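Taking it in order: structure first as structure tokens, then the write-up.
Not measured: the values here are computed from a predicted model. Ligands are counted one by one from 1 in listed order, and the atoms in each one are counted from 1 as well.
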Amino acid sequence: MGKIRLDKYLADAGEGTRSQVKELIRRGQVLVDGVCVKTPEYKLDTDTAKVMCRGKELSREGLVYYLFHKPAGCLTATEDVSQPVVMDYLKEAPGKGLFPVGRLDKDTEGLLLITNDGELAHGLLSPRRHVEKTYYVEVRGVLTEKEEELFASGMEIGDEKPALPARLDILESGRRSKARVTIREGRYHQIKRMFAAAGMEVTYLKRLSMGGLTLPEELGKGAFRALTLEEVRRLKEAAAGGRISEEKPGPPA
Ligand code: URA
């Protein structure tokens, strides 16, 4: 990548706007190769420099990662002149070339990863990697053990191949039921088509987790935050086909 200004490097890495990172630099919160640098114009070699900001080591490639709580009513797209898109909510997010990883339907809410790391996105979306995604779902219809078994068996949903076995955890059963569903692929309208194949209509859908990354309860609809280094590490592990966290996300807010 060569040499770039320290303030630009920090802004591209998602540490804040250009003026916010200049302030951080002037306040002595940035170290380059272990030395405190207080001049935003300082040129650093991105191939070799080790940059720490507020005690945290930064990624070298200007890659940024955001966890976004998608509200219903916006498209998972970078732009559309006629209707709201998820990227409208991230206009202030530092970083270049941001895009959503995968797709949630317009009426689906919940966790959406936004990044400019194409390699990570590719790994997370690869059908070969079987990255787990958990959804909270409300349906019209009575969910029973029969549906749990059907989901676990790898059901036919109208594609060439049946869906991979999925886990259905029933939270409430009645004329309208609530459940958590964990799938390991990401086919078009997959959750809605799985319930349709079981004779039920999905009335509400929210993604709670993906690849060990969980939607935080305190992150309101339409809000985003940068991922922690640990969250990025877990996602990279999932994208590389590694072990996936077994922890169950809590019920939706
Ligand atoms: N499955 C669906 O049917 N819709 C989504 O938005 C995500 C998964």
- Message: Quick one: does any side-chain atom of K133 pair with a main-chain N or O of V131 as donor and acceptor, under 3.5 Å?
- Response: yes

- Item | Residue portion contacting ligand 1 (non-hydrogen atoms closer than 4.0 Å) for T108 | side chain

- Proximity flag Y135 to ligand 1, non-hydrogen atoms under 4.0 Å: yes

- Task: Output the list of atoms in ligand 1 that are nearer than 4.0 Å to some heavy atom of Q190, sorted by atom number.
- Result: 1 (N), 2 (C), 3 (O)

- Without swapping roles, check the side chain of H69 against the backbone of L219 for a donor-acceptor pair under 3.5 Å. yes

- Message: Can you confirm, on distance only, whether ligand 1 has an N/O atom lying under 3.5 Å from any N/O atom belonging to H189?
- Response: yes

- Message: Side chain or backbone, does K192 bring an N or O within less than 3.5 Å of an N or O on ligand 1?
- Response: yes

- Message: Using side-chain heavy atoms (C-beta onward) and a distance below 4.5 Å, is L90 in contact with E92?
- Response: no

- Are D117 and K236 close enough that some pair of their side-chain heavy atoms sits under 4.5 Å apart? yes

- Message: Looking only at protein heavy atoms, which one is nearest to atom 1 (N) of ligand 1, and what is the separation?
- Response: I191 N, 3.1 Å

- Message: Using modelled atom types and a 3.5 Å cut-off, is there a donor and acceptor pairing between side-chain atoms of S173 and backbone atoms of L143?
- Response: yes

- Item | Per atom 5 (C) of ligand 1, closest listed option by heavy atom (V181, D105, I183, T76) | D105

- Query: Same cluster for L31 and V21 if Ile/Leu/Val/Met/Phe/Trp/Tyr side chains link at under 4.5 Å?
  - Reply: no

- Item | ligand 1 versus L205: contacting region, heavy-atom distance under 4.0 Å | side chain

